[in-house]
Amino acid sequence: MDEVISFSYGLLQRQMNNPVAILLINLGAYLLAEKLFNRVGRKGWFHPLFTTSLLVFLVIRCSPLEPDVYTRHSELLKMLLAPFTVALAVPLSRQLHTLRQLAGPLLCTLMIGGLLAAFMGMGMALAAGGSRDVVLSISTKAVTTAVALVMGEQYGAIIPLVAAVVIISGVYGSLVGPALCRKFGVTDPRAIGFAMGVNAHAGGTARAFELDLTMGVYSSLGMCLCAVYMPLLVPWLIRLLL
């Protein structure tokens with residue numbers, strides 16, 4: 001019996017140690033998480049990004065799949081983040097005539113909003129006694145994952161923490177952003193969308209497109225502009241605070 005179990009375990013390990021199996025695990029976990037999210041009425045704690053992470057963790061924990069193998073074979077998804085982000089230029093191009101008229105207010109909002117997002121995150125980490133590595137990891141919270149990972153590698157940050165902070169920011173912002181804007185009397189979908197793009201990047205943009213096309217366009221604009229602005233701003237904040 002022990003030999004059968006050992007053989008089965010080894011066979012399962014070999015089957016899981018290939019890129020196709022890892023890709024299927026990631027996609028399958030996300031599809032299940034999204035289905036659960038819709039089934040429970042799209043409640044915040046069941047957001048697909050949270051539940052997908054939990055499902056993948058359980059697979060790694062309860063199977064012979066090694067974390068290092070999973071990370072190595074997930075590189076394909078990491079590589080696809082950049083072109084997916086660039087693809088947001090398509091809806092943006094359809095609103096160019098409007099964007100030109102609002103260039104001034106949007107740029108002012110970007111500069112102030114991006115500064116506050118990064119500064120408050122780093123400041124709170126310092127106030128809580130966070131180490132330099134932790135502060136560097138949190139410094140990338142206001143930019144989409146594809147750019148945040150590159151920035152984190154350049155700064156010597158803790159990469160898993162970088163990814164976690166960006167994902168949590170995106171999920172939280174997508175859940176509370178629209179309601180918070182309405183509570184303070186902000187009803188223009190352009191303003192709500194841009195704020196979500198700056199503060200909740202990809203998660204906020206996905207939610208914005210679900211609510212309103214115009215909101216989604218302005219959210220993608222805010223996210224894309226932050227991807228350009230933050231690599232210029234964050235090094236200055238690091239020198240200032242650290």
Side-chain angles (χ1 to χ4, degrees), residues 44-45 47 49-54 56-57 67 71 74 78 81-82 85 105-181 183-184 186 191-208 219-242:
W45 290 110
H47 194 283
L49 289 178
F50 279 139
T51 46
T52 300
S53 300
L54 177 60
V56 172
F57 166 77
T71 301
S74 293
K78 181 180 175 182
L81 281 173
T85 302
L106 290 176
L107 288 176
C108 289
T109 303
L110 170 72
M111 295 178 67
I112 297 172
L115 174 62
L116 289 175
F119 180 80
M120 290 180 66
M122 298 174 68
M124 291 174 66
L126 285 171
S131 64
R132 178 182 174 86
D133 290 346
V134 171
V135 176
L136 289 174
S137 303
I138 293 177
S139 70
T140 62
K141 66 175 288 292
V143 68
T144 191
T145 310
V147 179
L149 292 176
V150 175
M151 291 172 63
E153 291 173 353
Q154 292 177 345
Y155 303 154
I158 306 170
I159 299 303
L161 181 57
V162 170
V165 169
V166 172
I167 290 172
I168 292 172
S169 298
V171 172
Y172 184 75
S174 67
L175 294 174
V176 306
L180 191 63
C181 287
K183 185 174 180 64
F184 283 92
V186 180
I192 297 173
F194 196 76
M196 290 179 68
V198 170
N199 292 283
H201 23 84
T205 299
R207 179 59 177 158
S219 183
S220 63
L221 173 64
M223 182 183 69
C224 292
L225 289 177
C226 262
V228 177
Y229 177 47
M230 284 299 152
L232 301 175
L233 174 68
V234 171
W236 176 79
L237 286 177
I238 291 174
R239 289 194 297 270
L240 177 67
L241 297 176
L242 299 177

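Scope of the values below: all heavy atoms of this structure, side chains included, with no hydrogens, waters or symmetry mates.
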Pairwise distance NZ(K141) to CD1(I167) - rounded to 0.5 angstrom: 14.0 Å
Distance in Å, F194 CZ paired with L106 CG, rounded so as to fall on 0.5 Å steps: 5.0 Å
Rounded distance [0.5 Å steps], CG in L180 versus CE in M196: 11.0 Å
Y155, OH atom: more than 12 neighbouring heavy atoms under 6.0 Å: yes
Exercise: identify the closest heavy-atom pair between P231 and V147: CG-CG1, 4.1 Å
side-chain contact (heavy atoms from CB on, under 4.5 Å) evaluation trace for V135 with L241: CA-CA 9 Å; V135 176; L241 297 176; 5.9 Å; no
Heavy-atom side-chain proximity of T140 to M230 below 4.5 angstrom: no
Shortest non-hydrogen contact from D133 toward G156: OD1-O, 4.0 Å
Which atom of V162 lies closest to which atom of A148, heavy atoms considered: CG1-O, 3.6 Å
H201 side chain reached by V143 side chain, heavy atoms, under 4.5 Å: no
Note, T144 side chain near C226 side chain (heavy atom, < 4.5 Å): no
Validation row: L233, L115 side chains within 4.5 angstrom (heavy atoms): yes
Gap between atom OG of S131 and atom CG of L136 - 0.5 Å precision: 8.5 Å
Contact summary for G114 and V198, nearest pair of heavy atoms: N-CG1, 4.0 Å
Side-chain donor/acceptor of S219 to backbone N/O of G197, under 3.5 Å: yes
Test item: S74 side-chain N/O and T71 main-chain N/O as donor-acceptor pair under 3.5 Å: no
Beyond-backbone contact of L242 with R132, side-chain heavy atoms, under 4.5 angstrom: yes
Close side-chain approach of I192 to V186, heavy-atom, < 4.5 Å: yes
Y229 side chain vs M111 backbone, donor-acceptor pair below 3.5 Å: yes
Which atom of A200 lies closest to which atom of S174, heavy atoms considered: CB-N, 4.0 Å
Taking every non-hydrogen atom, the tightest pair across I138 and A125: CD1-CB, 3.6 Å
Distance in Å, I238 CD1 paired with S139 OG, rounded so as to fall on 0.5 Å steps: 4.5 Å
